[in-house]
A.B. asks: 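Provided herewith is a single structure, encoded as structure tokens, for subsequent inquiry.
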Amino acid sequence: MTIKAVRGVHDILPPEAPAWQRVEATARRVCEAYGYREIRLPIFERTELFARGIGEVTDIVQKEMYTFEDRTGESLTLRPEATASLLRAYIEHGLHVQPKPVRLYTLGPMFRYERPQAGRYRQFHQLNVEALGERHPAVDAEVIALLVELFRGLGLGERLTLQLNSLGDPPDRAAHREQLVAYLRANAARLCEECRERTERNPLRVLDCKRPECQPVLDAAPALADFLGREAAEHFGRVRGYLDAMGLAYVVNPRLVRGFDYYVRTTFELTTTELGAQNAVAGGGRYDGLVERLGGPADPGVGFAVGMERTVLLLGDTTPGTQPLALLIPLGDEAVRRLLPVAQAARARGLAVDVGYGERKLRGELERANKLGVAYAVIVGDTELGKGEAIVREMKTGAQRAVPLAELAAELSALGGRA
RNA sequence: GUGACCGUAGCUCAAUUGGUCAGAGCACUGGACUGUGGCUCCAGGGGUUGUGGGUUCGAUUCCCAUCGGUCACCCCA
């Protein structure tokens, strides 16, 4: 049997590539405009980095990592997310001595061992944006504004909802968790089977349950918002104030819970209803304390990840690729030798031109030109060689005119500049 | 990891109760059309019907396993 791609990974074929290029170009443009600089990171790390960074008890670390041993027996893992790697590099290279906040972004593949489904793959791509070393709530607002601007730039603003929440500081969460578990246990009889299990495993997740029979219990459950300490509450209020000042719309969702252990205070997601069960297109939050946990200075941080596949899915395949400008059609080998340098010159100026090999019939070459979608066909046969000219045919209209061979490269430039 | 549906040519799909059922359209290549495309017509290449077993005189069709896809759960981007 022929070899096929492994489960959950996929090829991005030429028709889809323009949409990816558009997302990447927009991401870079917006990030740079906000003062973020690119950092490129390895796609595997010591397993321990993710265990410590993401949290030992998360699903990702417990069952979704691609972990293997190298030849020395060291345990390595294909990165399931980028923040841990980025912070490792931040610490390792002393980037924290730069003016705060240190603004970084990175782009690339992530790996998680999950059952594939709509908008979910084992190798997928994320854009990560992180602001390190500053705890001011304006930074939270800044990265959120960047995120919103990115999707506005892609024309997807209207199809997404910004959801916002505050998880409070660790002591706030501990206090809330204690009361929440007590409450859920007391009302276990009115909860679904799954929620009863989750009460012990991951109580915050219970609040996410969509089953109608659970809603009455959940509606009356202790709300994390009521447990926020004074500082966390003030921080959240100021983040909202800054977002309001920038005119950014959001929905406060007290049940917004995220999958990594490291989030504190602000968390947010950009959600859609268009991708089936995978409604999060981007998600992030504040992670004060994480840099320190990874062995670095006590620098706070806030950032987010954007799912590129999901973004491209929303974009659809409406992004046009670039078409070659012209097909140069030599009839015979003498004409090939005459046209090759012309093509070379045109390409050196950045024009996309294709050249035939002089062996097909003119009819066939024009068919090819038509299929390639070029704007112009340039025909040079014995007749033209004799007169020292080329025929430039505009494919759309069929209009033709003669151009001296010596001026052909310049003529193509002019046509390319106009197109 | 759990469940449901699905798996025939590069793509989209046919094949009557298991019995010339291995086909069509699109795409590709060539020709009709000696140096002028988009239309039309003709021809050609391309499939061990996902894979491996089983039932049967005979399996694309039935059964089992396995791999993969899709969707949902879980979780998340």
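Please read all numbers here as calculations on a predicted model, not as lab measurements. Lettering follows sequence order; numbering is per chain, from 1.
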A.B. asks: What is the distance, to the nearest angstrom, from the CG atom on A:L327 to the P atom on B:G38?
C.D. replies: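 Answer to the nearest Å: 15 Å.
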A.B. asks: In whole angstroms, how far is the P atom of B:A77 from the CZ atom of A:R122?
C.D. replies: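 It is 18 Å, rounded to the nearest whole Å.
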A.B. asks: Name the nucleic acid region contacted by A:V281, choosing base, sugar-phosphate or nothing; use a 4.0 angstrom heavy-atom cut-off, strictly under.
C.D. replies: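 Here A:V281 touches the backbone only, sparing every base.
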A.B. asks: For atom C1', what is the distance between B:C41 and B:G46, given to the nearest Å?
C.D. replies: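 These two C1' atoms come out 22 Å apart once rounded.
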A.B. asks: Would you mind reporting whether A:L156 and A:L315 have side-chain heavy atoms less than 4.5 Å apart?
C.D. replies: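 The answer is yes; the side chains approach within 4.5 Å.
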A.B. asks: When rounded to the nearest Å, what value does the distance between C1' atoms of B:U60 and B:G18 take?
C.D. replies: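 Going atom to atom, C1' in each nucleotide, I get 10 Å.
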A.B. asks: Does a side chain donor of either A:S413 or A:R349 reach within less than 3.5 Å of an acceptor in the other side chain?
C.D. replies: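 Distance-only check passes for A:S413 and A:R349.
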A.B. asks: How close or far is atom C1' of B:A77 from atom CG of A:L147, stated in whole angstroms?
C.D. replies: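 The answer, rounded to whole Å, is 12 Å.
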A.B. asks: Quick check for you: among B:C75, B:A77, B:G3, whose closest atom lies nearest to any side-chain atom of A:R115?
C.D. replies: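 Of all the options, the side chain of A:R115 is nearest to B:G3.
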A.B. asks: Give the B/S/- string for nucleotides 27-37 of chain B, one per nucleotide from 5' to 3', where a protein heavy atom under 4.0 Å of the base yields B, of only the sugar-phosphate yields S, and otherwise -.
C.D. replies: -SSSSSB-BBB
A.B. asks: Base, sugar-phosphate, or nothing for A:N279, non-hydrogen atoms under 4.0 angstrom?
C.D. replies: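 Answer is base: heavy atoms of A:N279 come under 4.0 Å of a base.
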A.B. asks: With a 3.5 Å cut-off and no angle check, do the side chains of A:Y66 and A:Q123 form a donor-acceptor pair?
C.D. replies: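 Checked: A:Y66/A:Q123 side chains show no N/O donor-acceptor pair below 3.5 Å.
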A.B. asks: When you compare B:G68 with B:G25, how far apart are their C1' atoms, in angstrom units rounded to a whole number?
C.D. replies: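 Those two atoms are separated by 26 Å.
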A.B. asks: Please report, rounded to the nearest Å, how far the P atom of B:G1 is from the CZ atom of A:R120.
C.D. replies: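 Taking atom P of B:G1 as the reference, CZ of A:R120 is at 13 Å.
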A.B. asks: Need to verify one output field. Residue with the more 5' nearest nucleotide on RNA chain B, A:R7 or A:L275?
C.D. replies: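 Looking at the nearest nucleotide for each, A:R7 comes out on the 5' side.
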A.B. asks: Rounded to the nearest 0.5 Å, how far does CD of A:E81 lie from CD1 of A:I54?
C.D. replies: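 So the gap between those two atoms works out to 4.0 Å.
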A.B. asks: Assess the residue pair A:R337 and A:D333 against the criterion (salt bridge (charged side-chain N to carboxylate O under 4.0 Å, His left out)); give the C-alpha distance rounded to whole Å, side-chain angles, the decisive distance to 0.1 Å, and a yes or no.
C.D. replies: CA-CA 6 Å; A:R337 282 194 294 272; A:D333 201 50; 2.8 Å; yes
A.B. asks: For RNA chain B, what is the dot-bracket line, given that a base pair needs Watson-Crick (N1 to N3, plus N6-O4 or O6-N4) or G-U wobble (N1-O2 and O6-N3) geometry with both distances under 3.5 Å, and | means paired with another strand?
C.D. replies: (((((((..((((.....[...)))).(((((.......))))).....(((((..]....))))))))))))....
A.B. asks: Would you mind reading off the distance between A:Q117 atom CD and B:A77 atom P, rounded to a whole angstrom?
C.D. replies: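 Computing the A:Q117:CD to B:A77:P distance gives 14 Å.
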A.B. asks: Rounded to whole angstrom units, what separation is found between the NZ atom of A:K4 and the P atom of B:G50?
C.D. replies: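 About 10 Å, once rounded to whole Å.
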A.B. asks: Between B:G7 and B:A14, how far is it from one P atom to the other, in whole Å?
C.D. replies: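 Looking at atom P only, B:G7 and B:A14 are 9 Å apart.
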A.B. asks: Take the angle between the ring planes of A:F268 and A:F304 and call it parallel below 30°, perpendicular above 60°, tilted in between.
C.D. replies: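 A:F268 and A:F304: perpendicular rings.
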A.B. asks: If I pick the P atom on B:C39 and the same atom on B:C28, what distance separates them, to the nearest angstrom?
C.D. replies: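 Straight-line distance between the two P atoms is 10 Å.
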A.B. asks: Which value, in whole Å, describes the distance between the P atoms of nucleotides B:A15 and B:G50?
C.D. replies: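 The same atom, P, in both gives a distance of 15 Å.
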A.B. asks: Looking at side-chain heavy atoms only, is the closest gap between A:L127 and A:M308 below 4.5 Å?
C.D. replies: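 Side-chain contact under 4.5 Å: yes.
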A.B. asks: Does the side chain of A:H235 come under 3.5 Å of the side chain of A:D140 through a donor N or O and an acceptor N or O?
C.D. replies: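 There is such a pair between these side chains.
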A.B. asks: What interatomic distance, in whole Å, is found between P of B:C11 and the corresponding atom of B:C73?
C.D. replies: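 These two P atoms come out 29 Å apart once rounded.
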A.B. asks: As an exercise, state the distance from CZ of A:R120 to CG of A:L275, rounded to the nearest 0.5 Å.
C.D. replies: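 Between atom CZ of A:R120 and atom CG of A:L275 there are 13.0 Å.
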A.B. asks: Can you tell me, in whole Å, how much space there is between the C1' of B:C33 and that of B:G38?
C.D. replies: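 Nearest-Å result for B:C33 against B:G38 at atom C1': 15 Å.
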A.B. asks: So what does A:G8 touch, heavy atoms closer than 4.0 Å: a base, only the sugar-phosphate, or nothing?
C.D. replies: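 If one applies the 4.0 Å heavy-atom cut-off, A:G8 turns out to touch the sugar-phosphate alone, with no base involved.
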A.B. asks: For a quick check of understanding: with a heavy-atom distance under 4.0 Å over all strands, which category does A:F304 fall into, base, sugar-phosphate or nothing?
C.D. replies: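 Nothing, no nucleic acid heavy atom in range.
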A.B. asks: So, taking the atom named NE2 in A:H136 and the one named CD in A:E134, what distance separates them when rounded to the nearest 0.5 Å?
C.D. replies: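 Separation between the atoms: 7.0 Å.
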A.B. asks: Judged by modelled atom types alone, do A:Y242 and A:E142 share a side-chain donor-acceptor pair under 3.5 Å?
C.D. replies: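 There is no such pair between these side chains.
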A.B. asks: Just by distance, with hydrogens left out, do A:N165 and A:Q163 show a side-chain donor and acceptor under 3.5 Å apart?
C.D. replies: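 No pair is found: no donor N or O on one side chain lies under 3.5 Å from an acceptor on the other.
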A.B. asks: With the side chain counted from C-beta on, respond yes when A:P300 and A:R286 share a heavy-atom pair under 4.5 Å apart, and no when they do not.
C.D. replies: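 The answer is yes; the side chains approach within 4.5 Å.
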A.B. asks: Using a strict heavy-atom distance below 4.0 Å, which residues from residues 101-114 of chain A are in contact with RNA chain B?
C.D. replies: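 Of all residues in residues 101-114 of chain A, the ones placing a heavy atom under 4.0 Å from RNA chain B are A:R112, A:E114.
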A.B. asks: Nearest whole angstrom, please: distance from the C1' of B:C75 to the CD of A:E269.
C.D. replies: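 It is 12 Å, rounded to the nearest whole Å.
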A.B. asks: Can you check the A:H10 NE2 to B:G69 P distance for me, whole Å?
C.D. replies: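 In whole Å, B:G69 P and A:H10 NE2 are 12 Å from each other.
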